[in-house]
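In this chain, residues are counted from 1 in sequence order. These values consider heavy atoms only, across backbone and side chains, with no hydrogens, waters or symmetry-generated copies.
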Amino acid sequence: MKYISDIITLEDYLTEIGCETSLGDLILLLSEQAEPIRDAFPENQDYAGTENASGEDQMALDVLADKLLTDTLEESGLVGAIGSEEKDTILYLNNPYDGFGVNMDPLDGSSLIDVNLAVGTIIGIQDKGNILNKGEDMLAAMYMIYGPMTTLVMTTGKGKGVHEFVLNNDGEFALLRENLRIPEDGKIYAPGALKQDYTDKHLEFIDNLEGDGYKLRYSGAFVADVHQILHKGGIFTYPATEKNENGKLRLLFEANPMGFMVTEAGGKISDGYRNILEIEPEAVHQRVPIYVGSKGPVNKIEQIMNR
Ligand code: AFP
């Protein structure tokens, strides 16, 4: 991994790596929403009094981030359709047919807003207004984390690498690290779901990790937990349980974009049996069991599940 001291902005970097112009414009536009979202935290600490399509209580900030991003994408003329964790259905826009399809979790980890832990925005970009496409078909994926620093991690596609930027005091995203590679020797594990609901095989897997000296690091924000694992190595899981055979996390808004970036950084994402990025989505709010991180532990759960 390389630490960068000279300032290279996100805009410069996109040009330097030869990112296609409209895709670069879209990524820049989305990156510009980090500051207004971040600035809205102090005044938006409460519940919105509404529920999202999955029946979860929405925080005011969930609604605000969804509206801000939607309005921006709608005005941009670059996007043909939007899928969002906060919208019941796909929003089709009157933009050119070949506008991008954007899947997003506007504010992932919203139960942590009132305790000031890191939360973020997750985005997956498809071509031709596609929303219900396989994760592996994505053109680009990115996330922004609102933590002690505001950072942005993105890839512009297979073979293009995963790069991290930090919002500096001039209000610009500057390159922090390029070509992130997920370590294979890291031992962090972030296990979602209640232990009492684990299946026998998942319990065996977790026991194995603990026996191998894996250290527990779970915050309640998928984006922040996976970000840590991307840097330090290990595995995040939100498994199928006795109560929820599809787990909790969403295929389009959480699993696919984060899995695409982790895979591009040399890691892997699986539902325990197969590569999540190869799943043909059937519904916009489809859930999926998740194992994502370094290849070693993801291969291990597949071995256990396929036994
Ligand atoms: P929200 O965006 O609705 O807060 O979702 C949080 C989340 O989907 C994911 O970010 C966390 O990993 C997971 O849920 C936490 O779930 P538990 O509260 O069951 O641990």
Side-chain angles (χ1 to χ4, degrees), residues 8-38 64-87 90-108 120-146 150-167 171-175 178 223 252-254 256-261 263-264 277 281 284:
I8 302 174
T9 64
L10 176 61
E11 187 169 6
D12 291 345
Y13 198 71
L14 288 165
T15 309
E16 195 179 305
I17 62 175
C19 181
E20 190 266 320
T21 311
S22 54
L23 181 59
D25 288 348
L26 179 60
I27 291 171
L28 280 175
L29 202 56
L30 289 163
S31 77
E32 285 162 15
Q33 308 319 307
E35 270 193 297
I37 292 176
R38 180 158 204 145
L64 183 143
D66 185 57
K67 182 166 169 22
L68 192 69
L69 290 165
T70 303
D71 289 351
T72 304
L73 294 175
E74 210 162 356
E75 280 163 27
S76 75
L78 291 165
V79 173
I82 304 172
S84 165
E85 187 174 308
E86 306 305 333
K87 297 186 195 309
I90 299 170
L91 176 66
Y92 290 99
L93 303 175
N94 290 327
N95 284 329
Y97 165 72
D98 58 355
F100 296 105
V102 173
N103 277 316
M104 62 186 188
D105 182 349
L107 206 95
D108 181 57
T121 298
I122 306 175
I123 292 161
I125 301 173
Q126 297 270 6
D127 67 358
K128 297 197 167 54
N130 286 319
I131 294 296
L132 292 173
N133 266 33
K134 291 182 190 174
E136 65 182 8
D137 295 337
M138 269 184 284
L139 297 178
M142 61 191 275
Y143 61 86
M144 297 182 285
I145 293 199
Y146 316 110
T150 299
T151 54
L152 182 154
V153 175
M154 64 100 194
T155 180
T156 52
K158 287 178 200 156
K160 299 284 172 64
V162 180
H163 316 293
E164 182 173 9
F165 300 80
V166 59
L167 193 61
E172 280 184 316
F173 275 108
L175 184 62
E178 64 180 341
V223 65
L252 294 179
F253 314 130
E254 291 165 313
N256 277 344
M258 297 303 285
F260 192 75
M261 286 180 272
T263 303
E264 179 58 21
L277 301 176
V284 70

In chain order, what residues pass the side-chain hydrogen bond (donor to acceptor under 3.5 Å, both in side chains) check against Asp137, with sequence neighbours excluded?
none

Please name all residues satisfying side-chain hydrogen bond (donor to acceptor under 3.5 Å, both in side chains) with Thr15, sequence neighbours left out, ordered by chain then number.
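With neighbours one apart ignored, the set is empty.
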
Got a donor-acceptor contact below 3.5 angstrom from the Gln126 side chain to the Lys134 backbone?
yes

Look at the side chain of Glu74 and the backbone N and O of Leu93, then say whether any donor-acceptor pair between them is shorter than 3.5 Å.
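Checking the backbone N and O of Leu93 against the side chain of Glu74, no donor-acceptor pair under 3.5 Å is found.
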
Contact summary for [X] and [Y], nearest pair of heavy atoms:
| X | Y | answer |
| --- | --- | --- |
| Thr155 | Gly161 | OG1-O, 2.7 Å |
| Leu107 | Tyr146 | CD1-CE1, 4.1 Å |
| Asp127 | Phe100 | CA-CD2, 4.5 Å |
| Met154 | Ile17 | CE-CD1, 4.4 Å |
| Gly129 | Ala81 | O-CB, 3.4 Å |
| Phe260 | Gly135 | CD1-O, 3.6 Å |

Could you give me the CA-CA distance, side-chain angles and deciding distance for Leu69 and Val102, then say whether side-chain contact (heavy atoms from CB on, under 4.5 Å) is met?
CA-CA 10 Å; Leu69 290 165; Val102 173; over 6 Å; no

With a 4.5 Å heavy-atom cut-off, do Thr121 and Asp108 have their side chains touching?
no

4.5 Å side-chain heavy-atom contact, Asn133 and Lys128:
no

Say you draw a straight line from [atom1] of [X] to [atom2] of [Y]; how long is it, rounded to the nearest 0.5 Å?
| X | Y | atom1 | atom2 | answer |
| --- | --- | --- | --- | --- |
| Met138 | Leu277 | CE | CG | 6.0 Å |
| Met261 | Tyr143 | CE | OH | 6.5 Å |
| Ile131 | Tyr92 | CD1 | OH | 7.0 Å |
| Glu164 | Leu10 | CD | CG | 12.5 Å |
| Ile90 | Ile82 | CD1 | CD1 | 11.0 Å |
| Leu78 | Ile125 | CG | CD1 | 10.0 Å |

Taking only residues two or more places apart in sequence or in another chain, which ones pass ring pair (Phe, Tyr, Trp, His ring centres under 6.0 Å) with Phe173?
none

Excluding sequence neighbours, so at least two apart, what forms ring pair (Phe, Tyr, Trp, His ring centres under 6.0 Å) with Phe253?
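Only His285 meet the ring pair (Phe, Tyr, Trp, His ring centres under 6.0 Å) criterion with Phe253.
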
Between Leu252 and Val284, is the side-chain contact (heavy atoms from CB on, under 4.5 Å) condition met? List the steps.
CA-CA 7 Å; Leu252 294 179; Val284 70; 4.0 Å; yes

Does the side-chain contact (heavy atoms from CB on, under 4.5 Å) test come out yes or no for Met104 and Asp66, once each step is laid out?
CA-CA 9 Å; Met104 62 186 188; Asp66 185 57; 3.4 Å; yes

Neighbour count >12 (heavy atoms, 6.0 Å) for atom CD, Glu136
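Enclosed: over 12 neighbouring heavy atoms sit under 6.0 Å from CD of Glu136.
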
side-chain contact (heavy atoms from CB on, under 4.5 Å) assessment of Leu14 paired with Leu23:
CA-CA 9 Å; Leu14 288 165; Leu23 181 59; over 6 Å; no

Selection residues 77-86 - residue pairs positive for salt bridge (Lys or Arg N to Asp or Glu O under 4.0 Å), sequence neighbours left out:
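Non-adjacent pairs meeting salt bridge (Lys or Arg N to Asp or Glu O under 4.0 Å): Glu85-Arg250.
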
Table please: side-chain donor-acceptor pairs of residues 24-35 below 3.5 Å, with sequence neighbours left out.
| residue | atom | partner | partner atom | Å |
| --- | --- | --- | --- | --- |
| Ser31 | OG | Leu28 | O | 2.6 |
| Gln33 | OE1 | Thr72 | OG1 | 3.4 |
| Gln33 | NE2 | Leu29 | O | 2.9 |

